Undergrad: 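After the structure tokens below, expect a handful of questions from me.
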Amino acid sequence: MTETDAGPRPHEAATWPLARTCPFSNPPEYATLRAEQPIASFPMPTGSTGWLVTKHADVQKVLLDSRVTSDRLHPSYPVAPIPPELVKELDMSLVWMDPPVHTERRAMLIPEFTVKRMRALRPRIQEIVDEHIDAMLEGDNSADLMTEFSLPVPSLIICELLGVPREHHAFVQQTARSMISSDPQEIYVANRSLLDFMSQVVADKEQEPTDDLFGRLIEKNKEAQLLDRHDMTAIAKLLLLAGHETSANMISLGVVGLLQHPEQLEKMKADPELTPDAVEELLRYFSITDYLPARGATADIELDGVTIREGDAIMALCGSGNRDESVYPEPDKLDIMRKARNHLAFGHGAHQCLGQNLARMELEIVYNTLFRRIPTLELAVPVEELPFKDSPPFGLSSVPVRW
């Protein structure tokens, strides 16, 4: 369906949000939308219009378009205006910023996540993975993979990377878990607690410089003078949560996905050199972040014959783009032989995930090591009984396994 500026707007083509009906697939409506109405409107709770963008190429266009904002304070952002007194409470970090401010701040962090720096971390990551598998193997041939492995491994890695003192790792892990609770009050309390804690960590490093990510960031900021204490704390919280929850979910989902596709798992076990490709395919297949964050149009935008008007909301559905039949033949099939490196699991454009090199290496080490050291690993319950949660980042709260 198309329209002109003077013509009627397309009818409401979809509802939002759309739920997954299978943990291994996107909401079924995505495929229909890609085929019939790849840019589809839906009504926002505020009364304004939102748009679902479902094809791979269109998602990339939206995420590269300078007329699309992530800034929740922008007058065209499609939510209720935010009172100025609440701005600080929102912890406006990189995710909710546009260039040039976003570009300047991101540039300060990029050197901390290069391939070279991540490779230097490989021995320590391997050590952490082995320690947690050792602990599991000391038990009774069964474990909750999520709580005993998938969650603590990336949590410990990101804490060490940022420079959080080891004695506080358990607190950070528990607080970060509370941040994804379904209870708003629990989220609020955890958010305040984590911000207060990270503010103190930053303050301590300002007094006694350390050679870790935040120690180096503080030193750079003495010259750049871009960040105040609140900015630094907001970035700390963002990196902590991003490196913690998303990785934990991908570890568990990837293990479950490989166990449910034993022919794919056997290929990877037979040739560990395939593991990087398996990681890319699992990232594409699960697409755990899908549509975050929402964007807003700051001007009228023509996209494939549809006019998205200034002030409209845009949901660029990376999960749908990752199942686009025109890019990935048989997109609903898990195939580790597929070269899926152009997937959108880490987003696209200016806000593409900073920590993707770390995530890739973590997942590669985890999958290789876990299935090599525990070759008889299997689910202890039917996959239908696993507690999947359908909110970004998509994931699991528990994965009972045995061997």
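These numbers were taken from a predicted model, which means no experiment stands behind them. The analysis underlying the following values was restricted to heavy atoms, covering all of them including side chains, and did not include hydrogens, waters or symmetry mates.
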Undergrad: Under a 4.5 Å cut-off applied to non-hydrogen side-chain atoms, are V383 and L259 in contact?
TA: no
Undergrad: Any chance CD of E263 has more than 12 other-residue heavy atoms, nucleotides or ligands included, within less than 6.0 Å?
TA: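 Yes, the 6.0 Å shell around CD holds more than 12 heavy atoms from other groups.
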Undergrad: For Q225, does the CD atom have more than 12 heavy-atom neighbours from other residues, nucleotides or ligands under 6.0 Å away?
TA: yes
Undergrad: Between L240 and C159, is a side chain to side chain contact (heavy atoms under 4.5 Å, CB included) present by the stated rule, with each step listed?
TA: CA-CA 7 Å; L240 200 62; C159 280; 4.2 Å; yes
Undergrad: Hey, are the side chains of P276 and R341 touching, using non-hydrogen atoms and a 4.5 Å cut-off?
TA: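 SC-SC contact between P276 and R341 confirmed.
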Undergrad: Quick one: does any side-chain atom of T54 pair with a main-chain N or O of P38 as donor and acceptor, under 3.5 Å?
TA: yes
Undergrad: CE/M97 to CG/D231 distance, rounded to the nearest 0.5 angstrom?
TA: 6.0 Å
Undergrad: Please answer whether the main-chain N or O of C353 pairs with a side-chain N or O of Q356 as donor and acceptor at a distance below 3.5 Å.
TA: yes
Undergrad: Parallel under 30°, tilted from 30 to 60°, perpendicular over 60°: which one fits the rings of Y328 and H56?
TA: perpendicular
Undergrad: Do D196 and R192 sit within salt-bridge range, that is, some charged N less than 4.0 Å from a carboxylate O?
TA: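 Result for this pair is yes, salt bridge flagged.
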Undergrad: Return yes if some donor-acceptor pair links the side-chain N/O of S199 with the main-chain N/O of L195 below 3.5 Å, else return no.
TA: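 Side chain of S199 to backbone of L195: no pair is present.
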Undergrad: Salt-bridged, K205 to D212, with N to O below 4.0 Å?
TA: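 Between D212 and K205 there is a salt bridge, with a charged N closer than 4.0 Å to a carboxylate O.
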Undergrad: Tell me if a side-chain donor or acceptor on N221 pairs with a main-chain N or O of A224 at a distance below 3.5 Å.
TA: no
Undergrad: Can you name the closest pair of heavy atoms from M268 and A278 and give their distance?
TA: SD-CB, 3.8 Å
Undergrad: Run the side chain to side chain contact (heavy atoms under 4.5 Å, CB included) test on W51 and V62 for me, step by step, so that the C-alpha distance in whole Å, both residues' side-chain angles and the decisive distance to 0.1 Å come before the verdict.
TA: CA-CA 11 Å; W51 296 90; V62 165; over 6 Å; no
Undergrad: Heavy atoms, side chains only, cut-off 4.5 Å: are L334 and L282 in contact?
TA: yes
Undergrad: Once you round to the nearest 0.5 Å, how far does CD1 of I336 lie from OH of Y367?
TA: 12.0 Å
Undergrad: Would you say that more than 12 heavy atoms from the other residues, nucleotides or ligands in this model lie under 6.0 Å from the NZ of K222, or not?
TA: yes
Undergrad: So does I128 get a backbone contact from the side chain of H132, meaning a donor-acceptor N/O pair under 3.5 Å?
TA: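 Yes: the side chain of H132 pairs with the backbone of I128.
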Undergrad: Between atom OG of S142 and atom CD of E148, what is the distance when rounded to the nearest 0.5 Å?
TA: 8.0 Å
Undergrad: side-chain hydrogen bond (donor to acceptor under 3.5 Å, both in side chains) for N26 and S320? Distances and angles first, verdict last.
TA: CA-CA 7 Å; N26 288 321; S320 178; 5.6 Å; no
Undergrad: Do any N or O atoms from the side chain of D98 and from the backbone of S70 form a donor-acceptor pair under 3.5 angstrom?
TA: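 Checking the backbone N and O of S70 against the side chain of D98, a donor-acceptor pair under 3.5 Å is found.
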Undergrad: Sub-3.5 Å donor-acceptor pair from the side chain of R106 to the main-chain atoms of P99, do we have one?
TA: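 Such a contact is absent between R106 side chain and P99 backbone.
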Undergrad: Does some side-chain heavy atom of L52 sit less than 4.5 Å from a side-chain heavy atom of W16?
TA: yes
Undergrad: Quick one: does any side-chain atom of R338 pair with a main-chain N or O of P329 as donor and acceptor, under 3.5 Å?
TA: yes
Undergrad: Check step by step if side chain to side chain contact (heavy atoms under 4.5 Å, CB included) holds for Y30 and D290.
TA: CA-CA 11 Å; Y30 283 11; D290 193 8; 2.7 Å; yes
Undergrad: Around atom CZ of R124, are there more than 12 heavy atoms of other residues, nucleotides or ligands at under 6.0 Å?
TA: yes
Undergrad: Is it true that atom CD of E167 has more than 12 heavy atoms of other residues, nucleotides or ligands lying nearer than 6.0 Å?
TA: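 More than 12 within 6.0 Å, yes.
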Undergrad: Which atom pair, heavy atoms only, marks the closest approach of M44 to T49?
TA: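 Distance-wise, the nearest heavy atoms are CG-C, 3.7 Å.
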Undergrad: What I'd like to find out is whether the side chain of Q37 reaches to under 4.5 Å of the side chain of T32, using heavy atoms alone.
TA: no
Undergrad: Ignoring hydrogens and angles, write down the donor-acceptor pairs under 3.5 Å from the side chains of residues 393-403, residues two or more places apart or on other chains.
TA:
| unit_1 | atom_1 | unit_2 | atom_2 | d |
| --- | --- | --- | --- | --- |
| S398 | OG | D144 | OD2 | 3.1 |
| R402 | NE | E378 | OE2 | 2.8 |
| W403 | NE1 | N141 | OD1 | 3.3 |

Undergrad: If you look at every heavy atom in L33 and A40, which pair is closest and at what distance?
TA: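 Heavy atoms only, the tightest pair is CD2-CB, 3.7 Å.
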Undergrad: Mark yes or no for whether S247, through its side chain, and H244, through its backbone, hold a donor-acceptor pair below 3.5 Å.
TA: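 No; zero donor-acceptor contacts below 3.5 Å.
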Undergrad: Determine whether the side chains of D300 and T307 contain a donor N or O and an acceptor N or O closer than 3.5 Å.
TA: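 No, no side-chain donor-acceptor pair sits under 3.5 Å.
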Undergrad: Mind checking side-chain contact (heavy atoms from CB on, under 4.5 Å) for P209 and listing every partner two or more places apart, or none if nothing turns up?
TA: E219
Undergrad: A side-chain contact here means heavy atoms from C-beta on lying under 4.5 Å apart; do N249 and M146 qualify?
TA: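 N249 vs M146: side chains touch.
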Undergrad: Between the side chains of E280 and K339, is the shortest nitrogen-to-carboxylate-oxygen separation below 4.0 Å, so that they form an ion pair?
TA: no
Undergrad: Between F24 and L253, is there a side-chain heavy-atom distance shorter than 4.5 Å?
TA: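 Result no, sub-4.5 Å side-chain heavy-atom pair not found.
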Undergrad: Please give me the minimum heavy-atom distance between L162 and A236, naming the atom from each residue.
TA: CD1-O, 4.1 Å
Undergrad: Give me the atom names and distance for the closest heavy-atom approach of L370 to V255.
TA: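 For L370 versus V255, the nearest heavy atoms are CD2-CG2, 3.7 Å.
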Undergrad: As a quick check of understanding, evaluate side chain to side chain contact (heavy atoms under 4.5 Å, CB included) for I157 and L358, giving each step before the final call.
TA: CA-CA 10 Å; I157 292 169; L358 174 61; 4.1 Å; yes
Undergrad: For side-chain hydrogen bond (donor to acceptor under 3.5 Å, both in side chains), just list the numbers for S326 and D324, CA-CA rounded to whole Å, side-chain angles, deciding distance to a tenth of an Å, and then say yes or no.
TA: CA-CA 5 Å; S326 68; D324 187 335; 2.8 Å; yes
Undergrad: Quick one: OG on S252 to CZ on F388, what's the gap to the nearest 0.5 Å?
TA: 9.5 Å
Undergrad: Tell me whether R34 contacts the main-chain N or O of V53 through its side chain, where contact means a donor paired with an acceptor under 3.5 Å.
TA: no
Undergrad: According to ring-ring contact (aromatic ring centres under 6.0 Å, His included), who are the partners of H348, at least two apart in sequence or on a separate chain?
TA: none
Undergrad: Could you give the distance from CD1 (I251) to OG (S150), rounded to the nearest 0.5 Å?
TA: 5.5 Å
Undergrad: Starting at CD of E362, measure out to CG of L121 and round the result to the nearest 0.5 Å.
TA: 9.5 Å
Undergrad: Kindly write out the residues that satisfy side-chain contact (heavy atoms from CB on, under 4.5 Å) with D130, not counting sequence neighbours, or none if the list is empty.
TA: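 side-chain contact (heavy atoms from CB on, under 4.5 Å) list for D130, sorted by chain: Q126, T369, R373.
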Undergrad: Determine whether L63 and H351 make a side-chain contact, defined as any pair of heavy atoms from C-beta on separated by less than 4.5 Å.
TA: no
Undergrad: Who passes side chain to side chain donor-acceptor pair (under 3.5 Å) against R216, sequence neighbours left out?
TA: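 Side chain to side chain donor-acceptor pair (under 3.5 Å) list for R216, sorted by chain: E112, D211.
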Undergrad: How would you list, by chain and number, every residue that makes a side chain to side chain donor-acceptor pair (under 3.5 Å) with K269, sequence neighbours excluded?
TA: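 K269: no side chain to side chain donor-acceptor pair (under 3.5 Å) contacts found.
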Undergrad: What's the shortest heavy-atom distance between N368 and P272, and which atoms?
TA: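 Nearest pair, atom of N368 first, then P272: OD1-CB, 3.5 Å.
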Undergrad: With R295 as the cation and Y77 as the aromatic partner, state whether NZ or CZ is under 6.0 Å from the six-membered ring centre and within 45° of the axis.
TA: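 Pair R295/Y77 does not count as cation-pi.
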